Amino acid sequence: MITKLEGPSACITSFLLKARRPLAFYGPLIYVAGEAVFATAPHGLSNFGGPPPAAVEYCLPGAGKYAKKLDPPYTLEDLLEALPGGLRDKARESTCLRQAFFLSRVDASPIKRSLVVLDDVLLFLSLEPYMPLYTTEPLMANMRVKRLKCNPDPLPPPSIRAVDLKVLTPEEYVNKLYIEGLLGLFLTRVIRKTGIRLIWYLLKRL
């Protein structure tokens, strides 16, 4: 979910510093204190990936709700089929959408324990499946807003390292989704079995 932060700059900085990692921030570096990662990725265009609905909505207002009905990976053609006529024509010509498809295949594993700072809005939006997103910019309509108040504390100086993220090939991306899907299914079954056994054990102890 994307949240727009509002309030005194010291409160925004304090919030980003203390919030649970990982999280991504799109906005001026003046809001960053302590350790952070400045993430970049290569630029490119693609018709295949899994751009989050927020990225689709940013590129083509009104299209995000149709992207929600599609499970990654999907193609631009899949998205076009889901869109009504007027949006479909605009989507065909959208370079922004093709960039969103490309960046949706970014490998976020090197930054999954960090405060991630970005100046590329599409890369920022592509991280939505992996971490909460925060910004000080009005990126799109009807954004969730968090108004911050605080008692300003002394803040450490920023210590920012640069990371250039890899964009997975279509084959690597599909394999990653497949492995994550199997892992999620395995963990769900283990938790269910363990939970049932624990409940049965507790009932026997009563």
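Bear in mind the structure is a predicted one, so any value in this text is a computation, not a measurement.
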Inset, instruction - Check the hydrophobic clustering (I, L, V, M, F, W, Y; side-chain heavy atoms under 4.5 Å; chains of links allowed) and say if F38 and V163 are grouped together. - result: no
Inset, instruction - Could you state whether L155 and L148 fall into the same hydrophobic cluster, counting links through intermediate Ile, Leu, Val, Met, Phe, Trp or Tyr residues with side-chain heavy atoms under 4.5 angstrom apart? - result: no
Inset, instruction - Determine the minimum heavy-atom distance between Y173 and P73, stating which atoms define it. - result: CE2-CB, 3.8 Å
Inset, instruction - Could you walk me through whether I2 and L125 pass side chain to side chain contact (heavy atoms under 4.5 Å, CB included), step by step? - result: CA-CA 8 Å; I2 308 167; L125 295 172; 3.3 Å; yes
Would you mind writing out the side-chain donor-acceptor pairs for residues 17-25 within the sub-3.5 Å range, not counting sequence neighbours?
unit_1	atom_1	unit_2	atom_2	d
K18	NZ	D153	OD2	3.1
R21	NH1	L16	O	3.0
R21	NH1	L17	O	2.9
R21	NH1	A19	O	3.1

Legend entry - Backbone of A91 reached by a side-chain donor or acceptor of S94 within 3.5 Å: no
Inset, instruction - May I ask whether L177 and F101 are part of the same hydrophobic cluster, defined by side-chain heavy atoms of I, L, V, M, F, W, Y residues being less than 4.5 angstrom apart, directly or through others? - result: no
Mind listing the side-chain donor-acceptor pairs of residues 128-144 below 3.5 Å, one per line with the distance, residues two or more places apart or on another chain?
unit_1	atom_1	unit_2	atom_2	d
Y130	OH	K176	NZ	3.2
T135	OG1	Y26	O	2.7
T135	OG1	E137	N	2.9

Inset, instruction - Considering non-hydrogen atoms only, spot the tightest contact between Y66 and A82 and give its length. - result: CD2-O, 3.2 Å
Inset, instruction - Can you measure from CD (E77) to CZ (R92) and round to the nearest 0.5 angstrom? - result: 7.0 Å
Legend entry - hydrophobic_cluster_shared for I30 and V32, side chain cutoff 4.5 Å: yes
Legend entry - Heavy-atom neighbours of Y74 OH exceed 12 at 6.0 Å: yes
Legend entry - Donor-acceptor under 3.5 Å (T13 side chain, S9 main chain): yes
Inset, instruction - Working to the nearest 0.5 Å, report the span between OG1 of T3 and CZ of F15. - result: 7.0 Å
Inset, instruction - Determine the minimum heavy-atom distance between L70 and L79, stating which atoms define it. - result: CD1-CA, 3.7 Å
Inset, instruction - Drop me the distance from L60's CG to L97's CG, to the nearest 0.5 angstrom. - result: 5.5 Å
Inset, instruction - Determine which pairs satisfy disulfide (SG to SG under 2.5 Å) with at least one residue from residues 4-81, sequence neighbours left out, and list them in order. - result: C11-C150, C59-C96
Inset, instruction - For atom CD of E172, decide whether the heavy atoms of other residues, nucleotides or ligands shown that lie under 6.0 angstrom number more than 12. - result: yes
Inset, instruction - Drop me the distance from S126's OG to Y58's OH, to the nearest 0.5 angstrom. - result: 13.0 Å
Inset, instruction - Spell out, as yes or no, whether a donor-acceptor pair under 3.5 Å connects the side chain of D78 to the backbone of T75. - result: yes
Without placing hydrogens or testing angles, list every side-chain donor-acceptor pair under 3.5 Å for residues 40-57, not counting sequence neighbours.
unit_1	atom_1	unit_2	atom_2	d
T40	OG1	D164	OD1	3.1
S46	OG	F48	N	3.0
S46	OG	F48	O	3.1
S46	OG	R105	NH1	2.9
N47	OD1	R98	NH1	2.4
E57	OE1	G62	N	3.0
E57	OE1	A63	N	3.3
E57	OE1	G64	N	2.8
E57	OE2	G62	N	2.9

Anything under 3.5 Å between a donor and an acceptor, one on a side chain of residues 114-121, the other on a protein residue two or more places apart or in another chain? List them.
unit_1	atom_1	unit_2	atom_2	d
D120	OD1	L122	N	3.1
D120	OD1	L123	N	3.2

Inset, instruction - Tell me who clusters with V145, hydrophobic residues only, linked when side chains sit under 4.5 Å apart either directly or through other members. - result: none
Legend entry - NZ-CD1 distance between K146 and I12, expressed to the nearest 0.5 angstrom: 12.0 Å
Legend entry - Heavy-atom neighbours of K90 NZ exceed 12 at 6.0 Å: no
